[in-house]
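The structure appears below as structure tokens.
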Amino acid sequence: MIDIKFIRNNVEQVREAIRNKNEKADIVALLAIDETRRKLQFEFDNLKSRQNNVSQTIARKKKAGEDAATELKDMSTVAEEIKQISAALSASNTELEALLLTIPNIPQPEVPVGRDESANTVERIWGKPPVFTFEPKDHLEIANNNHYLDLPRGAKISGSGFPIYTGQGARLERALISFMLEFHLQKHDYEELMVPLMVNRKTMTGTGQLPKLEEDMYHVNEDDLFLIPTAEVPVTNFYADEVLSYKDIPKCFVSYTPCFRREAGSYGKDTKGLQRLHQFNKVEMVRFVEPEKSAEALEEMLCNAEAILQAFGLHYRVLNLCTGDTSFASQRTYDLEVWAPGSQKYLEVSSVSNFGEFQTRRANIRYKDSSGKVRHLHTLNGSGLATPRLMIALLETYQQADGSFKAPDVLKPWLEINLKERQL
RNA sequence: GGAGAGUUGCCGGAGCGGUUGAACGGGACGGUCUCGAAAACCGUUGUAUCCUUACGGGUACCCAGGGUUCGAAUCCCUGACUCUCCGCCA
């Protein structure tokens, strides 16, 4: 969330950010409530101060055996007033808080202004589209040829968008997850976390999914818990309500989780095969860094994500997202799009974002810097990567003329583990 | 699911309803001493918010939210979490 003091002093800038992000938020109402709140706070403090003073006088008089009837009578009316103002005050605080949660993060100046994805710019391109001596098939055909997927049965058991990976397909999926995790652990020095897949309302609010995206999440009514749409949520909230030491910073976590998304409102869009799912696997990177270091950390994380695609030898491009395409909580986002030759299009496999102190304000995550000052950290996260579209690109890129699939060499160790030979 | 115990500052740990933002101990930091270090001694050691250009001052916070009271860390209620025992189960 944005600091109320910042909003007070930079109204136009905040308005512009809301506009550029295609959001709606009532700044006028917000400022009015802020004004009322401060007035009430002032009255409350003054009354309390008086009450504290007189209460001590009463104590002294009673101790000395003197009569304190006047003070007692006086204070009972003050107590009543305090009660009323206190109620009004907490009502305004709640209201202000609710409004503040609807203000999006402010995009950084270098983010291109634009309404939708058409205003995104291409940052760079890696590799080239593969050339085939035959007509390349799309991933679903290859998957079906090789018995890698059983989508009809997934639909039967749960509904569309809940895939079943079968046989070598399941093994390939698991290999991707293991490969990416180990890659980040060993080459990029992240620490692994295994986290809960269901989180409470406060946690969802901390990273910014709530209140805006409630409709997009699976919710378990009975316990008021949400299935996570990304590991970002539990991992970023790892330090909620804590004050870290500057010595602990930076913190870099990587976490594999399934992700659950209702995808409300996107029915009929990119539905073929693994393109858009309600449940999918993702390896996520999250960093907690000092404010001065976050811009640099964003570039590093982008490289961390790219390194995976490079290891697989997949052609991709990096997009610099425009204001309208940057998420509610993000200040700046890069998307990684991998080339799927069978479908002849680029598919988003990663989103790498800098959130500044937006999430750490919401989740109350701070650190004490070397001079002893308590400040909000900056958070970043990036997919590294989401598997379904990665699998699409792999299947389509490494398909053979006979309809089979030949995994890139780096994956071989994960696909060829043979316990029988090791006599376990 | 049932029965009990607990939750206080960076940590340990006191705390009768009225100078308790909180004793005492430890840690950390600064200083004295020392060639240096240890020890010893002295001092410092929270966050948020409001008023003020500033100096400074007020208020809130002893798990969370309510209640009783002129006044609550202290009494009452509800909830969360932790621990122990029983039951059930992976």
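Each chain gets a letter, A, B and so on, in the order the sequences are listed, and its residues count up from 1. Given the structure is predicted, the values throughout are model-derived calculations rather than measurements.
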Between [M] and [N] - [atom1] atom distance, rounded Å:
N      : M      : atom1 : answer
B:rC75 : B:rU7  : P     : 11 Å
B:rA28 : B:rC11 : C1'   : 11 Å
B:rG15 : B:rG67 : P     : 28 Å
B:rU82 : B:rA23 : P     : 30 Å
B:rG36 : B:rU45 : P     : 28 Å
B:rU44 : B:rC24 : P     : 12 Å
B:rA38 : B:rG31 : P     : 12 Å
B:rU74 : B:rA14 : C1'   : 13 Å

Judged by modelled atom types alone, do [X] and [Y] share a side-chain donor-acceptor pair under 3.5 Å?
X        : Y        : result
A:Asp45  : A:Gln41  : yes
A:Glu192 : A:Tyr256 : no
A:Thr257 : A:Glu284 : no
A:Tyr316 : A:Glu306 : yes
A:Tyr148 : A:Glu173 : no

Comparing A:Ser49 and A:Arg361 on RNA chain B - which has the more 5′ nearest nucleotide: A:Arg361

On RNA chain B, nearest-nucleotide positions of A:Arg60 versus A:Lys373: which is more 5'? A:Arg60

Integer-rounded Å distance: [N] [atom2] and [X] [atom1]:
X       : N      : atom1 : atom2 : answer
A:Glu35 : B:rC50 : CD    : P     : 12 Å
A:Leu72 : B:rG71 : CG    : P     : 10 Å
A:Asn53 : B:rG57 : CG    : P     : 15 Å
A:Leu47 : B:rG71 : CG    : P     : 12 Å
A:Leu40 : B:rA60 : CG    : P     : 16 Å
A:Gln41 : B:rC61 : CD    : C1'   : 12 Å
A:Lys63 : B:rC70 : NZ    : P     : 20 Å
A:Asn93 : B:rA48 : CG    : P     : 16 Å

Using a cut-off of 4.0 Å on non-hydrogen atoms, how would the nucleic acid contact of [X] be classed: base, sugar-phosphate, or nothing?
X       : result
A:Val54 : nothing
A:Arg37 : sugar-phosphate
A:Lys73 : nothing
A:Asn52 : sugar-phosphate

Ionic contact status for A:Glu337 with A:Arg389, cut-off 4.0 Å: no

Between A:Arg276 and A:Glu348, does at least one N-O distance fall below 4.0 Å, as a salt bridge requires? no

A:Tyr190 and A:His184 aromatic ring geometry - parallel, tilted or perpendicular at 30°/60° bounds: perpendicular

Does the plane of the ring in A:Tyr218 sit parallel, tilted or perpendicular to the ring in A:Phe162? Use 30° and 60° as the thresholds. tilted

Could you check which nucleotide pairs with [N] in any of the strands shown, counting Watson-Crick or G-U wobble with both distances under 3.5 Å?
N      : result
B:rA54 : none
B:rU59 : B:rA48
B:rA37 : none
B:rA22 : none
B:rC16 : none
B:rA72 : none
B:rC88 : none

Using the rule side chain to side chain donor-acceptor pair (under 3.5 Å), only one of A:His378, A:Glu232, A:His376 pairs with A:Gln359; which is it? A:Glu232

After noting the C-alpha distance and the side-chain angles of A:Val318 and A:Asn320, does the key distance pass the side chain to side chain contact (heavy atoms under 4.5 Å, CB included) rule? CA-CA 7 Å; A:Val318 178; A:Asn320 191 8; over 6 Å; no

Side-chain contact check for A:Gln51: nearest option of B:rC50, B:rG18, B:rG71 is B:rG71

Is any side-chain N or O of [X] closer than 4.0 Å to OP1 or OP2 of [N]?
X        : N      : result
A:Asn46  : B:rC50 : no
A:Arg366 : B:rA48 : yes
A:Ser55  : B:rC70 : no
A:Lys83  : B:rU68 : yes
A:Gln56  : B:rU19 : no

Quick check: A:Phe179 with A:Phe312 (ring centres under 6.0 Å apart)? yes

Are there any protein N/O atoms within less than 3.5 Å of an N/O atom in nucleotides 21-23 of chain B, and if so, which ones and at what distance?
none

Under 3.5 Å between N/O atoms: give me all the protein pairs with nucleotides 74-81 of chain B, atom names plus distance.
none

Of A:Leu298, A:Asn120, A:Leu319, the one forming a side-chain contact (heavy atoms from CB on, under 4.5 Å) with A:Tyr334 is A:Leu298

